[in-house]
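These notes are about the structure you will find just below.
Just so it is clear: chains get the letters A, B, ... in the order the sequence lines come, proteins before strands, and each one is counted from 1. Treat the numbers as computed from the prediction; the structure is a model and nothing was measured. Hydrogens, waters and symmetry mates play no part in the numbers below; they use all other heavy atoms, side chains included.
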Amino acid sequence: MAARTLTLGKALNEGLRKALEADPKVLIMGEDVGRLGGVFRVTDGLQKDFGEDRVIDTPLAESGIVGTAVGLAIRGFRPVCEIQFDGFVFPAFDQIVSQVAKMRYRSAGHVALPITIRIPYGGGIGAVEHHSESPETYFAHTPGLKVVTCSNPADAYSMIQQAVSCDDPIVFFEPKRRYWDKAEVDTDAAPAPLWTARVARAGTDVTVITYGPSVRTCLEAAAAAESEGRDIEVIDLRALSPIDWGAVVESVTKTQHAVVVAEAPVFASLSAEVAARISERCFYSLEAPVLRVGGYSTPYPTSRVEEDFLPDLDRILDAVDRSLAF
Amino acid sequence: MAARTLTLGKALNEGLRKALEADPKVLIMGEDVGRLGGVFRVTDGLQKDFGEDRVIDTPLAESGIVGTAVGLAIRGFRPVCEIQFDGFVFPAFDQIVSQVAKMRYRSAGHVALPITIRIPYGGGIGAVEHHSESPETYFAHTPGLKVVTCSNPADAYSMIQQAVSCDDPIVFFEPKRRYWDKAEVDTDAAPAPLWTARVARAGTDVTVITYGPSVRTCLEAAAAAESEGRDIEVIDLRALSPIDWGAVVESVTKTQHAVVVAEAPVFASLSAEVAARISERCFYSLEAPVLRVGGYSTPYPTSRVEEDFLPDLDRILDAVDRSLAF
Amino acid sequence: MTEALRPQPSEGPEFVQLLTPEGERVAHPDYDLEISDEEIRGLYRDLLMVRRIDTEATALQRQGELGLWASLLGQEAAQVGAGRALTASDFAFPTYREHGVAFCKGVDPVTLLGLFRGTSQGGWDPYQNGFGLYTIVIGSQTLHATGYAMGLQRDGGDGAAMAFFGDGASSQGDVNEAFVWASVFNAPVVFFCQNNQWAISEPLEKQTRIPLYRRAQGFGFPGVRVDGNDVLAVLAVTRQALARAREGSGPTLVEAWTYRMGAHTTSDDPTRYRLAAELETWKLKDPIERVKAHLSRSGGADATFFAEVDTAADELAAHLRAGCLALPDPDPITLFDNVYAEGSSLLDEEREQCAAYLASFAAAGH
Amino acid sequence: MTEALRPQPSEGPEFVQLLTPEGERVAHPDYDLEISDEEIRGLYRDLLMVRRIDTEATALQRQGELGLWASLLGQEAAQVGAGRALTASDFAFPTYREHGVAFCKGVDPVTLLGLFRGTSQGGWDPYQNGFGLYTIVIGSQTLHATGYAMGLQRDGGDGAAMAFFGDGASSQGDVNEAFVWASVFNAPVVFFCQNNQWAISEPLEKQTRIPLYRRAQGFGFPGVRVDGNDVLAVLAVTRQALARAREGSGPTLVEAWTYRMGAHTTSDDPTRYRLAAELETWKLKDPIERVKAHLSRSGGADATFFAEVDTAADELAAHLRAGCLALPDPDPITLFDNVYAEGSSLLDEEREQCAAYLASFAAAGH
Ligand SMILES: Cc1ncc(C[n+]2csc(CCOP(=O)(O)OP(=O)(O)O)c2C)c(N)n1
Ligand SMILES: Cc1ncc(C[n+]2csc(CCOP(=O)(O)OP(=O)(O)O)c2C)c(N)n1
Ligand SMILES: [Mg+2]
Ligand SMILES: [Mg+2]
């Protein structure tokens, strides 16, 4: 077993390196991904080793990044686009929604667009505006795209490779405040199928469904709850579109209580889908309504109050308590 | 009483005319809104009467339309932007999400952006790609925006004026396949508050929650169900963000059954929010899970099969039956 | 409607013309075209076939067989000139109006009708003829063409990419970003702008206050304005631009100065916004008449030839009509096909539910 | 790192310079600047104050008082030149780096710090000084400036708008759409591009292969390249551009050729991507030294003056520091404020829930 301790960011870097090695058609493109290695160093060293033709510093325009990636994919390449921060994906939104998501459909299957769009996302890093958002719902709501997110180094390492080798366009969300989280990564282990959720912690009392940066927060909440005698099961969705409903329903059927946790404003969000679907599928098992903990219906606030905006231990435990007290 | 028979499109036209008359700061801008009067003629005759400086044919670029509207609003104007079709709003998405929605917040309230973004939306008109989409979830999920839609000429007439005079940015969805629907409009009547839902049909057995183009379909379904002895209450949300939960909860508490109907793909949609919130608020009243009828998780399909994609009478009644049989 | 007629481009070398509206060959210092009578007859044939495709499709729309049609009437020379400059290894990225380019690229015109009849979203195989899917969101395809050209640079492919777009499209951010990319990467792409003077109801002046071909200057690559109703000039200019691209000299912007003789689409009513007189002046510049005049005058073709082409066009029209009527209505359940290459549990579930639902109707004998 | 140093702009009239790096006044055929010693002393003072704001803010960041700072080091002349050309009726639309313009527009620099300290998103009143909110999404503000200028045309306001942006931003669709709009509507807007040679780690060549000021040609309005480290030249060029705008002659693109002497922001490490030698050549072109040299040599200022300015700068720095430390941490519940002008039932509900939740902690004595 080739187990090494890696940060989540480094695990992505190594995963991308593997992807570049495995297939000469894989390209990396984005702003500052070359010599700088990206502002989070996720592409560190890749341009040096794979050259400027495969690791491409692009002009500063996101629609251009994704739009030219579409053309490169039509020509048979597998572009991995980096969007520098969550809040900067919107200039590319049109190309993503109307071209990337729909080209296969439009072409009756003749054109595949194996494009991966990497987006560091989420808050909690004390950043300025547009650097802490959670835009996953916009993409999950868009048919033709698939959406995934990793929560730990091992998943980061395998999921990025699986995403790059998938023939469908994938929006790959990276929990930026977890880039520095470290864990052992077994680089030889067979990865779990990309479209499966993971029981991050088994428990019996309440199911907390979450993903990305909130997984660690929920695990911490579960650890804290343990001392108070509450046994929380934490499900890390991993795939946000499509969702592994089997895993979710199985857990909620068992615990009869569900809390959904994510950083995005809850209104009309992916969390709403999770809550709605659980409410429908587990109608007879639920002992309490599905509760949601998330961002408020405001723009992402300034960093000095972001801790009050983000779901934290206390808010998660408060929801767990409310669910159990129902 | 000044009751006149108007189509929904003409009601919007007259509402816009009133808005232009009422406030010299109101501007209309977009592609082909001038001499042509828009491809749906919603702005017909307005340039002729209010001049090219107030009804502005713009270059062909949606980000430019919304971005310059932001600047005009900063200068004190009230721009009404027309996006020609639903599928063409995405080039403007960045300006809408990162500028229109956040400027007030960023400026701590110093800058108001009283911008109305009109979008003809929805399917059923036998159109080509990008001309039949229902992108309301993207906007409803965006804090800082408000989202409304009208379903009939009377609402169209009053709601467009209310939207234009609102100091918040509003995305105004127009049900394009209902542009030709006719009804009496009392142009003197005091309009209902913009943020209230409307009981479009009172009933006792099931609540069908819907909006925009689907309202008529749901009313037709309710009429058909009547003959089979089912009494459906139809709620027209009108405001999609924020939603008038009071009206929804009141109805579902009474009927104990809820079906949500909209054209958008249901996954991670506004319908998910409605279903999740009802499931939470009406937990003890619901006799059946909240069911959703909507588009499938595919891009909007080609017109020869769109009737199979769109919620129609049969699918709505099927859901009603399933709800009652639960 | 009080404004004057559109201004016409200045004569002189800035406006490349090799065949006058009267059918006279003229020389241009930078663009030479050695072309045989046979080749000119071939172009004439193309022009006529393409126009016939267009008029037949318009008729099919009027008769209710198509939901919509975007006519290329008046733009035949621009499209045939560019289309014939393209070789098999070049890849075209069209808008929704490039029926003439499609024809030159060898696409059976029936293939194009599905989109307008509503039986498909396009659905042809772009690799078969190097002809991309029709793109409706204005300007998007210019970035695709540029990316494709970057791909050619990376895999050593020997063709070039050509992006088609309109005068209106020139205002879109995407088109200008494509110019930035193409310039910075020196990509083998030709930007072919059919300036047909109108973007639906908006005249050229709503998009630019200087000639569009000069836009390229701002991005550091050459721009050329060509008489878009002169098939010889378009062929010469586009060939040269493609040659430049293939030999590694980077992008070119070609502005084909032409005119949309018909409505924007069959849904449009141009009498609301433009003068009939404008149409009249453009009729005198018809792209087909001048080739016919030239061939007749030079003896390059005789009445038999013209009659033969007319017959071939009639046959093509009949083929188009028959093909259109035979286009199969898709089975509803196929609306779930081709969303993903590797499937999706969500979609599978929806497909099953829909199939069961549809079956329940079949069972009930609806 | 093997590539050569950045190429420098050609000398000659295409590069407007009125004061050499050595402090010598030079003439330019198109740009004349009659300016008194007193005015030059004023500009010197501005430059020094602005640099001092910047170094103090950088220090505050290092000491953990700011989360981030975007330094303008090296760009003082570009910003003071443009900032002093602006009059009270002109409106500036900045990026995140226009601290110098803010100063000239009369904004208390403490106001700018909230954004970088994380106590606000900006939050100043743009109407107070005609200075818009800092804009982080690259290029967006160019459209706002253009729209504002269209507003001036409509309400008869007598100012102009000025859009600030960087070399990197020139690639964004929005910026090019702003050029289209400004040109088509002949809007009174000046596009002021600080070409500081870098967009984070990407050198100019990743954005363009020709000089940026020439971009304007492609859109039909004038572009000028000015020595961005020469405050006199920037003032002269920008004044003229603003005058053109105000008198109805439309937009101008000004490219201020300058250099980002520091990191992109305090989060950046430029040693990873650029040569120290490049920095050295630019140190010789320092925007402040040349004014000092000129004033000293011409006798326009003496040691007392320079000492006075230093003292004033120290005072400003102390004010900035004190102001920074005094910036109040926002009350959490205020995160619900200013989302909407007319409220929202959803937000009201969330605010109440949050308030109750926070109160429960307070009650529990947390
Ligand atoms: C992004 C976008 N906005 C609006 C439209 C609606 N629309 C379709 S064609 C058209 C005009 C296009 O004009 P031009 O680029 O000159 O091409 P032409 O139709 O003249 O060939 C418009 C506005 C669209 N398809 N895409
Ligand atoms: C749309 C968008 N994409 C990416 C970023 C991240 N980013 C911030 S500054 C910057 C470089 C900007 O370069 P330039 O325009 O030259 O301005 P400078 O920072 O040099 O003043 C980038 C890529 C952003 N803020 N917005
Ligand atoms: Mg056109
Ligand atoms: Mg820069």
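Only the side chain of D:Leu358 comes within less than 4.5 Å of a heavy atom of chain A; its backbone N, CA, C and O stay farther away. Residue A:Phe88 touches chain D through its side chain alone, counting heavy-atom pairs closer than 4.5 Å. At a 4.5 Å heavy-atom cutoff, D:Asp337 makes no contact with chain A through either its backbone or its side chain. Interface residue D:Arg117: backbone and side-chain heavy atoms are both found under 4.5 Å from chain A. For D:Tyr357, the part sitting under 4.5 Å from any heavy atom of chain A is the side chain, from C-beta outward, and nothing else. Interface residue A:Ser297: backbone and side-chain heavy atoms are both found under 4.5 Å from chain D. Heavy atoms of D:Thr119 lying under 4.5 Å from chain A belong to its backbone as well as its side chain. If you measure heavy-atom distances from A:Phe85 to chain D, you find no contacts under 4.5 Å at all.
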Test salt bridge (charged side-chain N to carboxylate O under 4.0 Å, His left out) on A:Arg315 and A:Asp318 and set out the steps. CA-CA 5 Å; A:Arg315 280 176 65 204; A:Asp318 176 63; over 6 Å; no
Show your reasoning for whether salt bridge (charged side-chain N to carboxylate O under 4.0 Å, His left out) applies to A:Arg292 and D:Glu350. CA-CA 12 Å; A:Arg292 290 178 278 165; D:Glu350 290 183 5; over 6 Å; no
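Ring pair D:Tyr134/D:His99 is tilted by interplanar angle, where 30° to 60° counts as tilted.
The aromatic ring centroids of A:Tyr138 and A:Phe90 lie less than 6.0 Å from each other.
Between chain A and the residues D:Gln121, D:Gln207, D:His264, the most heavy-atom pairs under 4.5 angstrom are made by D:Gln121. When each of D:Val339, D:Leu68, D:Ile200 is checked for heavy-atom pairs under 4.5 Å with chain A, D:Ile200 comes out on top.
The CG atom of A:Asp57 sits 11.0 Å away from atom CE of A:Met29, with the distance rounded to the nearest 0.5 Å.
Within the structure, every pair that satisfies the salt bridge (Lys or Arg N to Asp or Glu O under 4.0 Å) test and touches residues 300-311 of chain A, not counting sequence neighbours, is listed here: A:Arg304-D:Asp329.
The side chain to side chain contact (heavy atoms under 4.5 Å, CB included) check on A:Asn13 picks up A:Lys10, A:Asp44, A:Leu46, with sequence neighbours excluded.
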